[in-house]
Amino acid sequence: MHNLVLTLALLANESAYDREIAAALEDVRSVYEVPAALVKAVIRQESGFDPNARSHAGALGLMQVMPYNAAVVGMSESDLLDPAKNILAGVRILAELLRHYQGELVDALVAYNAGPRRPFAPIPKNGETPKYVERVVSFFRKYSAEASRAEMDQ
């Protein structure tokens, strides 16, 4: 029963941010080409769609952006507490990582979670990173399939 309640709560939060995610992506679409399904996958894994999430390492918000990265993307640390700005910051970081790793999703996700590394280096075998990458890729596939079905239904 507890898992059902948790799942329903997660889905409610997820749909509550669909519009914000779409709006944030629209704002950066002309500059950054990051699939909405990937952004949702990262948000789900990073924060479970909780805009007030704070990690033990100090990452903030939906996309769990580190405060020291706020200035890098032209924001203040307090901006990271605003869901739309947090999404924009996270998308900018993710887009830069995808560009740096020439579109290689796994490398970009490892860097988003654990910091930069050599392109095509093996995924670290310890810590949270292997499971993180596996879950984000799984959520990305799920959200991509949902988006494809929704397009076909229109």
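- Taking each heavy atom of Tyr101 and Ala111 in turn, the nearest pair found is CE1-CB, 3.6 Å.
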* Could you walk me through whether Val133 and Asn113 pass the side-chain contact (heavy atoms from CB on, under 4.5 Å) check? -> CA-CA 8 Å; Val133 171; Asn113 179 254; 5.9 Å; no

N/O donor-acceptor pairs under 3.5 Å from side chains in residues 62-74, not counting sequence neighbours:
{"unit_1": "Gln64", "atom_1": "OE1", "unit_2": "Ser55", "atom_2": "N", "d": "3.3"}
{"unit_1": "Gln64", "atom_1": "NE2", "unit_2": "Ala53", "atom_2": "O", "d": "3.1"}
{"unit_1": "Gln64", "atom_1": "NE2", "unit_2": "Gly61", "atom_2": "O", "d": "2.7"}

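- Judged as a salt bridge (charged side-chain N to carboxylate O under 4.0 Å, His left out), the pairs with a partner in residues 102-117 (not counting sequence neighbours) are, in order, Asp107-Arg117.
- Glu134 meets the salt bridge (charged side-chain N to carboxylate O under 4.0 Å, His left out) test with Lys131; sequence neighbours excluded.
- To the nearest 0.5 Å, the span separating NE2 on His100 from CD on Gln102 amounts to 8.5 Å.
- Remark: Arg99 engages Tyr32, Glu96 in a side-chain contact (heavy atoms from CB on, under 4.5 Å) (not counting sequence neighbours).
- In terms of the side-chain contact (heavy atoms from CB on, under 4.5 Å) criterion, residue partners of Pro35 (sequence neighbours excluded) are, by chain and number, Leu38, Phe140.
- Scanning for side chain to side chain donor-acceptor pair (under 3.5 Å) contacts around Arg135 gives an empty result, with sequence neighbours left out.
- Grouped by direct or indirect side-chain proximity (heavy atoms under 4.5 Å, Ile/Leu/Val/Met/Phe/Trp/Tyr only), Met152 sits alone.
- Between Ile43 and Phe139, every side-chain heavy-atom pair lies at or beyond the 4.5 Å cut-off.
- Applying the salt bridge (charged side-chain N to carboxylate O under 4.0 Å, His left out) test to every pair with at least one member in residues 118-130, sequence neighbours left out, gives no pairs at all.
- Taking every heavy atom of both residues into account, Arg44 and Phe49 meet most closely at CB-CE1, 3.4 Å.
- Judged by distance alone, the side chains of Tyr112 and Glu46 never bring a donor and an acceptor atom under 3.5 Å apart.
- In this view, Asp79 and Met75, Ser76, Lys85 satisfy the side-chain contact (heavy atoms from CB on, under 4.5 Å) rule, not counting sequence neighbours.
- For the pair Ala95 and Val34, the tightest heavy-atom approach, listed with the atom from each and the gap, is CB-CG2, 3.6 Å.
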